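Notes for the one structure printed next.
Everything numeric in this text was worked out from a predicted model, so none of it was measured. Only this structure's heavy atoms are used, side chains among them; waters, hydrogens and symmetry mates stay out.
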Amino acid sequence: MSAPEQRRLIFQHIDEPGYTNDIACYLRNGGYEVLKKSIGRKPEDLIAEVKKSGVRGRGGAGFPCGVKWGLVDRKSGKPIYLIVNADESEPGTFKDRYIMHQDPHQLIEGIMISCFANNVKQAYIYIRGEFPHGARILETAIAEAREQNFVGPDVLGSGYSCEIYVHRGAGAYICGEETGLIESLEGKRAYPRIKPPYFPAVLGLYQCPTIVNNVETLCHVKHIVDMGGDAYTKIGTPNNTGTRIFCVSGHVQRPGYYEFETGKITMGQLLNEVCGGPLPGRKFKAVIPGGSSAKILKFGERFKGKTRAGEEYDWGVEDVPMDFDSLGMIGTMGGSGGVIVMDDSVNMVEALANINAFYAHESCGQCTPCREGSLWMKKITSRMVHGEARVEDGALLKSVADQIPGRTICAFGEACSWPTQSFLAKFGDEFTQYPAAPKSLRPNGATELI
Amino acid sequence: MNLKPDTLKRIDEVIPHYPSKRSATLPLLHLIQEDAGYISPEAIEWIAAKLELEPINVYELVTFYPMFRQQPIGRRHIKVCRTLSCALMGGYKTCATFEKEFNTRAGPGEISPDGEVTVEFVECLASCGTAPVVMIDDELHEKVDAAKAKQLSDQIKAEAGQKKGASRP
Ligand SMILES: Cc1cc2nc3c(=O)[nH]c(=O)nc-3n(C[C@H](O)[C@H](O)[C@H](O)COP(=O)(O)O)c2cc1C
Ligand code: SF4
Ligand code: FES
């Protein structure tokens with residue numbers, strides 16, 4: 001079966017010749033029409049459309065957006081805030097950057113519709129500090145939109161007012177975690193909060209009800225309101241509605257971003273047909289399907305089981321449909337859509353050492369299992385790579401990884417232990433060559449990873 | 001504090017974006033670092049006074065967020081991504097090339113002997129599809145293999161030479 005055509009909803013104008021990020025171009029392409037229509041509707045109806053659409057968050061956890069909006073405390077009398085999560089720091093993920101750079105008004109329109117639907121008067125775009133251009137582009141776009149009365153006081157003469165501000169982070173991955181982000185926006189270190197009691201929908205920014213949504217999710221809102229929630233469910237597959245952007249990086253012929261109906265394309269189609277297959281003379285060895293926190297898959301392994309609908313499946317890695325549920329069924333996740341591909345030149349101990357160095361650097365340090373565990377895992381894989389492993393190191397690595405998840409304030413604990421757990425489960429033989437291994441473990445032609 | 005008038009203007013513009021002044025700490029740190037090159041103890045005191053905070057409230061952010069520094073760096077800042085996708089495509093070689101070209105070591109506190117660059121390894125820059133990637137000051141450079149790293153180094157050296165030439169009487 002050959003790969004389906006791309007279905008570009010969010011990325012329809014990305015890389016289109018002549019398409020620019022100024023408001024005139026956006027308006028020529030029908031921009032802000034959906035906002036105009038939305039302002040004349042009842043906010044409850046807009047929320048109902050998003051609920052009906054079933055759209056799941058594109059930031060990592062895949063939580064249904066409509067359900068999240070439904071949890072917002074609307075009776076407290078306090079202002080409700082919307083925070084746009086533009087931190088995009090999950091390794092392997094690079095979609096939000098293109099939306100903000102090339103189509104910022106699509107995001108602003110999505111934000112304004114979402115703000116109107118939820119009676120939000122103030123929204124913040126939390127953008128990672130490493131995107132200085134992105135921040136400037138967004139500020140310019142907001143100013144343009146304000147000039148045309150799409151943002152600011154009395155939007156389109158409706159009496160509804162709403163401001164959007166851009167807030168830059170400063171290089172910490174944990175600011176992507178929603179409560180860490182809120183702390184950071186309050187001017188503190190990005191220490192995630194203990195949930196409960198701090199569910200952002202009730203006690204978020206400044207202890208007020210707060211919605212945190214990913215950039216891509218908010219762009220979907222615009223299209224959902226445009227076509228109606230029911231029509232949106234016709235795109236994709238049940239419980240995995242809409243389109244999904246896959247960011248593919250690593251060892252393929254054509255890395256890049258591709259948008260498909262969710263669940264309509266398999267991993268094999270994506271990697272072999274869309275991305276042109278492995279590099280010359282190489283074979284695929286492993287793939288991380290949803291950002292570096294997702295559990296790794298090994299080419300050649302098989303997955304058997306029953307779907308929710310009761311159908312039996314027997315898949316190789318290449319047969320797995322790229323959707324939240326299927327990837328969840330085989331023990332990994334769709335996460336943020338970042339697909340990282342490794343071929344047979346890669347030494348898995350080095351690859352894991354690289355990932356572990358990332359997590360050890362990024363732990364916020366509040367919880368002992370996470371702070372100490374991530375550093376300990378890094379130290380073990382690093383000494384393995386440098387030929388200084390101890391006899392007990394394989395078992396020790398597993399034991400450390402197993403003691404982190406479920407014992408921490410935020411999901412970083414899971415995120416940092418899943419790579420180690422899954423690498424050991426699937427490539428354990430590569431980890432047992434130690435400590436007798438020589439200093440250089442790189443197979444012929446392989447690159448340094450650490 | 002000797003801040004440029006434009007920096008002061010932007011500081012006054014950004015504070016009212018938030019219902020709580022404390023929220024403006026990160027923006028102020030960015031603005032001052034852009035102006036002065038780094039965050040000095042004086043800057044920490046200044047921000048604290050401006051936002052009605054204790055200096056420790058500001059200092060704890062300077063040490064938590066990797067982008068802030070307390071010492072000056074080279075005239076140009078070369079940040080090489082070290083995370084997996086870039087490493088798979090040769091990011092470590094890219095970094096080694098910059099180190100060799102400028103006779104320096106990658107590290108947050110390092111400055112090349114000529115004062116020209118600080119080379120640093122950073123985590124994923126969210127451009128993994130065009131790996132390996134490098135940021136030089138505010139500019140992202142994609143697919144920077146060792147050869148392109150050499151080219152960029154030559155360019156930086158040429159620009160430095162021109163500047164020196166131009167300032168000669
Ligand atoms: C450690 C960690 C890092 C995260 N990083 C990001 C990120 O960079 N961008 C993002 O949108 N969500 C990130 N998330 C997920 C957010 O916490 C949150 O679920 C998301 O922004 C909600 O938006 P959505 O429902 O629209 O997906 C991260 C979560 C964790 C636990
Ligand atoms: S799990 Fe890690 S990142 Fe999350 S709060 Fe604890 S120490 Fe911080
Ligand atoms: S891994 Fe280098 S940009 Fe993402």
Subject >> Under 4.5 Å from a heavy atom of chain B, the part of R97(A) involved >> reply: side chain
Original post:
Mind checking which of residues 12-21 of chain B sit less than 4.5 Å from chain A, heavy atom to heavy atom?
Top reply: H17(B), Y18(B), P19(B), S20(B)
Original post:
Does the side chain of Y124(A) come within less than 4.5 Å of S23(B)'s, by heavy atoms?
Top reply: no
Subject >> Structural part of T25(B) lying under 4.5 Å from a heavy atom of chain A >> reply: side chain
Original post:
Of the backbone (N, CA, C, O) and the side chain (C-beta and beyond), which part of F131(A) lies under 4.5 Å from a heavy atom of chain B, both, or neither?
Top reply: side chain
Subject >> chain B contact via Y173(A) - which portion, at a heavy-atom distance below 4.5 Å >> reply: neither
Subject >> Interface moiety of E163(A) toward chain B, non-hydrogen atoms closer than 4.5 Å >> reply: neither
**OP:** Under 4.5 Å heavy-atom distance to chain B, tell me which part of T93(A) shows up: side chain, backbone, both or neither.
**Re:** backbone
**OP:** Check whether V341(A) gets within reach of chain B through its side chain, its backbone, both or neither, counting any heavy atom under 4.5 Å.
**Re:** backbone
Subject >> From NE2 (H133(A)) to CE (M135(B)), nearest 0.5 Å >> reply: 7.0 Å
Original post:
Say you draw a straight line from CG of D343(A) to CG of L88(B); how long is it, rounded to the nearest 0.5 Å?
Top reply: 8.0 Å
Original post:
What option among S89(A), G256(A), G92(A) has the most heavy-atom pairs under 4.5 Å with chain B?
Top reply: G92(A)
**OP:** Let me know if V346(A) has heavy atoms under 4.5 Å from chain B in its side chain, its backbone, both or neither.
**Re:** side chain
Subject >> Separation between CE of M342(A) and CG of L84(B), rounded to the nearest 0.5 Å >> reply: 5.0 Å
**OP:** Identify which part of K95(A) has an atom lying under 4.5 Å from any heavy atom of chain B, answering side chain, backbone, both or neither.
**Re:** neither
Subject >> Heavy-atom contact with chain B under 4.5 Å, split by part of R128(A) >> reply: side chain
Original post:
Is E34(B) salt-bridged to R168(A), going by a charged N under 4.0 Å from an acidic O?
Top reply: yes
Subject >> Engaged part of I450(A) at the chain B interface, taking heavy atoms whose separation is under 4.5 Å >> reply: both
Original post:
Between I340(A) and chain B, which part of the residue has a heavy atom less than 4.5 Å away: side chain, backbone, both or neither?
Top reply: side chain
Original post:
Which one of R189(A), E130(A), E448(A), R254(A) has the most heavy-atom pairs closer than 4.5 Å to chain B?
Top reply: R189(A)
Subject >> Heavy-atom proximity to chain B below 4.5 Å, by part of P132(A) >> reply: side chain
Subject >> Nearest-0.5 Å distance that lies between atom CZ in F94(A) and atom OG in S85(B) >> reply: 7.5 Å
Subject >> chain A-proximal positions within residues 43-70 of chain B [heavy-atom distance under 4.5 Å] >> reply: E60(B), L61(B), F64(B), Y65(B), P66(B), M67(B), F68(B)
Subject >> Inter-residue atom distance L26(B).CG - C175(A).SG, 0.5 Å rounding >> reply: 7.5 Å
Original post:
Using a heavy-atom distance cut-off of less than 4.5 Å, which residues of residues 353-365 of chain A contact chain B?
Top reply: N354(A), I355(A), A357(A), F358(A), H361(A), E362(A), C364(A)
Subject >> CG on D138(B) to CZ on R136(A), rounded to 0.5 Å >> reply: 5.0 Å
Subject >> For chain A, which residues of residues 146-156 of chain B have heavy atoms nearer than 4.5 angstrom >> reply: none
